[in-house]
**Student:** 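Okay, handing you the structure first.
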Amino acid sequence: MKEVRTRFAPSPTGYMHIGNLRTALYGYLYAKSQGGKFILRLEDTDSRRYVEGAVQIIYDTLKDAGIVYDEGPDIGGNYGPYIQSERAAIYKEYAEKLVELGGAYYCFCDKERIDSLKDENGVGRYDKHCLHLSKEEIAEKLASGVPYVIRQNVPEEGSGSYDDLVYGHVSVDFKDIEDGVLLKSDGMPTYNFANVVDDHLMGITHVIRGSEYLSSTPKYNLMYDAFGWERPVYIHLPPIMKNAHEKLSKRNGDASYQDLVAKGYIKEAIVNYIALLGWSPKSNQEKMTLRELEEHFSLAGLNKSPSIFDEPKLRWLSGEYIREMSFEQFKSLALPFLQKSKAYGKYEEDKLLHLVQSRVDVLEDIPSKIDFLEEYGPIDSALYFNKKMKSDAEIAKTVLPAAAKALENLSEFENAPIYQALVALAQELGMKNGQVLWCVRIALTARENTPGGASEMAELLGKERCLSRLAAAEQALSV
RNA sequence: GGCCCCAUGGUCAAGCGGUUAAGACAUCGCCCUUUCACGGCGGUAACUCGGGUUCGAGUCCCGAUGGGGUCACCA
């Protein structure tokens, strides 16, 4: 059995998109599930599209997500170089060889002539004009330095087909395929040529890529066949959509992997979630670590219809990871976000973090959970109303002054004694615990939602501020 | 527009000729509870449409509709 070799071949043109990352992830998972190798190759044959720093982003993102490649530009391997711009001589050699084999030909047509072949809609195909040039004419033009490209010689009749592992049988008529440029006039190959040469030379057994290549694959097969090379197994992946109509893309300002990390989504959750977009495990277990994914991944679970990126589900998964991680781990991840809160530095860090760990799905939500400590605004008296607690503003009018008195006499201002005092007060007033606690919590925080109960919030605020807030709330009620 | 591909709840999805059509997220309700959250329990909600094939179709075939992709010296 031949060793499985898959590759991820991004073009360094900017950020790492979720869709790209998923393609990389699947390539990695498939290789690992088969005990094979995963290779990173950089497709930078279009110098115009090169973006400074993009290469580093690719390395960093894969590393950060835990997707480790066995061979790549920065770590080497036996099939290098792994950067296409460094392989120019190789492509030229193979392009010339393909010409000899009849699978391609030199083309000297200039832009004007190419354009003249197109109709008013810009649609039109190359007419194989240069295919019919004589050997002598070609040699002469070459010798006199006329700019040229090398085009693929696609048969005018017949069709090409292959069996994609996710889409099944795919067939395209050759008459619908143009004689595309393989080697550009600047000497660099196009994707259409480079991917074939490299995949073969690098021993790639399974080509995993986006479904946009579904209908151009037959022309790649033509080249494999012309060279006498074994065709790889194809696995095309459906796109990840932003909504029913638009693909998820950085161009639309959609979240990239690093944007999500910056927002405080847990990395493991992001990887876990994108694995689930287009693939489903045999079991019903959806929450899986990378290791578990490596173990359970199988091509049979791949889906062929586009899937929409659903942030709420990612949030949920992220929250699951937060809730199960150790406090120490949570603390190290959460600290940078806690520091953005107005409350940072004024309260015991650990106390704040403990309160918030089970209440947050995404780290960036932390400040909003605790900012009430420093932001105390006017209280909407409707907040005192709670059907289940049977409390309302009227009840609050009696509770608040009494609570202030009870708390004032407390020598130990901590959760337990505060709670006891408030419960005792409820009994004294002939009220339910909830009536007192609800009103006090509202008065103390001015918010419906807080990361804990009345006594916890009171302890956090400290006696002095509790008393002043209680007084303010009471006064507001009497107006 | 030509060609290729796709089509199960709001979303992700299981299903591969016979099921009460799973599960998850979201949503709603109940329970737990000192708020919120967590947790537990339960509810609402789907096979795009029309023809076939078959004893029987979400599952197979054809068509329509809708959607996506592709038609570059971009990948």
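Sequence lines set the chain letters: A, B, ... in the order given, protein chains first and strands last, and positions in each chain run from 1. Here the structure is a predicted model, which means the values were calculated and not measured. Both backbone and side-chain heavy atoms feed into the values below; hydrogens, waters and symmetry mates do not.
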**Student:** Under a 3.5 Å threshold, yes or no: a donor from one side chain and an acceptor from the other, between A/Asp371 and A/Ser341?
**Tutor:**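 Checked: A/Asp371/A/Ser341 side chains pair up, N/O donor to acceptor below 3.5 Å.
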**Student:** Go ahead and name the base partner of B/rC41; Watson-Crick or wobble counts if both distances stay under 3.5 Å, otherwise write none.
**Tutor:** B/rG29
**Student:** Between B/rA21 and B/rG1, how far apart are the P atoms? Round to whole Å, please.
**Tutor:**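 The answer is 39 Å between these two P atoms.
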**Student:** Look at all strands and tell whether A/Asp173 reaches a base, only sugar-phosphate, or nothing, counting heavy atoms closer than 4.0 Å.
**Tutor:**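 Touches nothing.
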**Student:** Across the strands shown, which category fits A/Gly319 at heavy-atom distances under 4.0 angstrom: base, sugar-phosphate, nothing?
**Tutor:** nothing
**Student:** Give A/Thr45 one of three labels, base, sugar-phosphate or nothing, depending on what nucleic acid heavy atoms sit under 4.0 Å from its own.
**Tutor:** sugar-phosphate
**Student:** For A/Asn303 and B/rA14, is the shortest distance between a side-chain N/O and OP1 or OP2 below 4.0 Å?
**Tutor:**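 Affirmative; the distance criterion is met.
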**Student:** In whole Å, I'd like the distance from the CZ atom of A/Arg209 to the P atom of B/rG69.
**Tutor:** 17 Å
**Student:** Can you tell me the pairing partner of B/rU54 across any strand shown, Watson-Crick or G-U wobble, with both distances under 3.5 angstrom?
**Tutor:**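 Partner of B/rU54: none found under 3.5 Å.
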**Student:** Across all strands shown, which nucleotide pairs with B/rA75 by Watson-Crick or G-U wobble geometry, both distances under 3.5 Å?
**Tutor:**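 Across any shown strand, B/rA75 pairs with none.
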**Student:** When rounded to the nearest Å, what value does the distance between C1' atoms of B/rG50 and B/rC25 take?
**Tutor:**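 Each nucleotide's C1' atom is 34 Å from the other's.
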**Student:** To the nearest Å, how far apart are A/Arg359 CZ and B/rA37 P?
**Tutor:** 9 Å
**Student:** Classify A/Ser185 by what it touches in the nucleic acid, base, sugar-phosphate, or nothing, heavy-atom distance under 4.0 Å.
**Tutor:**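 The residue A/Ser185 makes base contact.
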**Student:** What integer number of Å spans the C1' atoms of B/rG56 and B/rC30?
**Tutor:**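 After rounding to an integer number of Å, I get 41 Å for this pair.
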**Student:** Can you tell me, in whole Å, how much space there is between the C1' of B/rG17 and that of B/rG66?
**Tutor:** 27 Å
**Student:** Just the rounded figure in Å: distance from P of B/rG2 to CZ of A/Arg125.
**Tutor:**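 These atoms are roughly 16 Å apart.
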**Student:** Quick check for you: to the nearest 0.5 Å, what is the distance between A/Gln357 atom CD and A/Phe330 atom CZ?
**Tutor:**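 If we round to the nearest 0.5 Å, A/Gln357:CD and A/Phe330:CZ are 5.0 Å apart.
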**Student:** Taking the same atom, P, in B/rG63 and in B/rG2, what whole-Å distance lies between them?
**Tutor:**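 My reading of the P atoms in B/rG63 and B/rG2 gives 15 Å.
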**Student:** Is a side-chain donor-acceptor pair under 3.5 Å present for A/Asp179 with A/Tyr105?
**Tutor:** yes
**Student:** Using Watson-Crick or G-U wobble geometry with both distances below 3.5 Å, tell me the partner of B/rU35, or none.
**Tutor:** none
**Student:** With a non-hydrogen cut-off below 4.0 angstrom, is A/Asn284 in contact with a base, only sugar-phosphate, or nothing?
**Tutor:**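 If one applies the 4.0 Å heavy-atom cut-off, A/Asn284 turns out to touch a base.
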**Student:** Indicate, with a heavy-atom threshold strictly under 4.0 Å, whether A/Met389 touches base, sugar-phosphate, or nothing.
**Tutor:**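 The residue A/Met389 makes sugar-phosphate contact but no base contact.
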**Student:** Between B/rA24 atom P and A/Asn272 atom CG, what is the distance in whole Å?
**Tutor:**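 Going from A/Asn272 (CG) to B/rA24 (P), I get 15 Å.
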**Student:** Report yes or no: is there a donor-acceptor pair, N or O only, under 3.5 Å between the side chain of A/Lys313 and the base of B/rA24?
**Tutor:** yes
**Student:** Distance alone, cut at 3.5 Å: any donor-acceptor contact between the side chains of A/Tyr234 and A/Asn221?
**Tutor:**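 Side chains of A/Tyr234 and A/Asn221: pair found under 3.5 Å.
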**Student:** What's A/Thr13 touching, base or sugar-phosphate or nothing? Going by heavy atoms closer than 4.0 Å.
**Tutor:**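 Nothing, no heavy atom under 4.0 Å.
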**Student:** Just call it for A/Ala244: base, sugar-phosphate, or nothing, with non-hydrogen atoms closer than 4.0 Å on any strand.
**Tutor:** sugar-phosphate
**Student:** Between the side chains of A/Asn20 and A/Tyr257, does any donor sit under 3.5 Å from an acceptor?
**Tutor:** no
**Student:** What does A/Tyr419 touch in the nucleic acid at a heavy-atom separation under 4.0 angstrom: a base, only the sugar-phosphate, or nothing?
**Tutor:** base
**Student:** Using the C1' atom in both, what is the distance from B/rG23 to B/rC4, to the nearest Å?
**Tutor:**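 Going atom to atom, C1' in each nucleotide, I get 33 Å.
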**Student:** More 5' along RNA chain B: A/Pro312 or A/Tyr148, using each one's nearest nucleotide?
**Tutor:** A/Pro312
**Student:** Name the pairing partner of B/rU70, where a pair is Watson-Crick or G-U wobble with both distances under 3.5 Å, or state none.
**Tutor:** B/rG2
**Student:** Without decimals, in angstroms, what is the distance between A/Asp176 CG and B/rC3 P?
**Tutor:**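 Atom CG in A/Asp176 sits about 7 Å away from atom P in B/rC3.
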**Student:** Please measure how far the P atom in B/rC6 lies from the corresponding atom in B/rU48, and state the result in whole Å.
**Tutor:** 15 Å
**Student:** Let's see if you can work this out: which of B/rC6, B/rA75, B/rU34 has an atom nearest to the side-chain heavy atoms of A/Tyr191?
**Tutor:** B/rA75
**Student:** Verify the distance criterion only: is there a donor paired with an acceptor across the side chains of A/Asp198 and A/Tyr91 at less than 3.5 Å?
**Tutor:** yes
**Student:** Nearest whole angstrom, please: distance from the P of B/rC36 to the CG of A/Leu444.
**Tutor:** 16 Å
**Student:** Between A/Ser318 and A/Asp361, do the side chains contain an N or O donor and an N or O acceptor separated by less than 3.5 Å?
**Tutor:**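 No, no side-chain donor-acceptor contact under 3.5 Å.
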**Student:** With a 4.0 Å cut-off on heavy atoms, is A/Glu324 in touch with a base, just the backbone sugar-phosphate, or nothing at all?
**Tutor:** nothing
**Student:** Let's test this: given Watson-Crick or G-U wobble pairing with both distances under 3.5 Å, identify the partner of B/rA22.
**Tutor:** none
**Student:** Base, sugar-phosphate, or nothing: which does A/His236 touch, judged by heavy atoms less than 4.0 Å apart?
**Tutor:** nothing
**Student:** Would you say the side-chain atoms of A/Asn449 and A/Arg359 include a donor-acceptor pair closer than 3.5 Å?
**Tutor:** no
**Student:** Taking A/Ser11 for its side chain and A/Glu43 for its backbone only, find out whether a donor-acceptor pair lies under 3.5 Å.
**Tutor:** yes
**Student:** Classify the side chain of A/Lys388 and the base of B/rU33 as holding, or not holding, a donor-acceptor pair under 3.5 Å.
**Tutor:**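 Indeed, a donor on one side and an acceptor on the other fall under 3.5 Å apart.
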**Student:** Would you tell me if any nitrogen or oxygen in the side chain of A/Lys184 comes within less than 4.0 Å of OP1 or OP2 on B/rA72?
**Tutor:**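 It does not, given that no N or O in the side chain of A/Lys184 lies less than 4.0 Å from OP1 or OP2 of B/rA72.
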**Student:** Starting at OH of A/Tyr321 and ending at P of B/rC25, how long is that distance when rounded to a whole Å?
**Tutor:** 14 Å
**Student:** Between B/rC74, B/rC3, B/rA37, spot the one nearest the side chain of A/Arg48, thanks.
**Tutor:**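 So the nucleotide nearest the side chain must be B/rC74.
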**Student:** Looking only at atom C1', what distance separates B/rG9 and B/rA24, rounded to whole Å?
**Tutor:**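 About 13 Å, rounded to a whole number of Å.
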**Student:** Taking any strand in view, what nucleotide pairs with B/rA46 in a Watson-Crick or G-U wobble way, both distances under 3.5 Å?
**Tutor:**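 Per the H-bond distance test, none.
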**Student:** How many Å lie between NZ on A/Lys387 and C1' on B/rG29, as a whole number?
**Tutor:**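 These atoms are roughly 12 Å apart.
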**Student:** A/Ser215 side chain N/O closer than 4.0 Å to the phosphate oxygens (OP1, OP2) of B/rC71?
**Tutor:** no
**Student:** Select base, sugar-phosphate, or nothing to describe what A/Thr450 touches, counting heavy atoms under 4.0 Å on all strands.
**Tutor:**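 Answer is base: heavy atoms of A/Thr450 come under 4.0 Å of a base.
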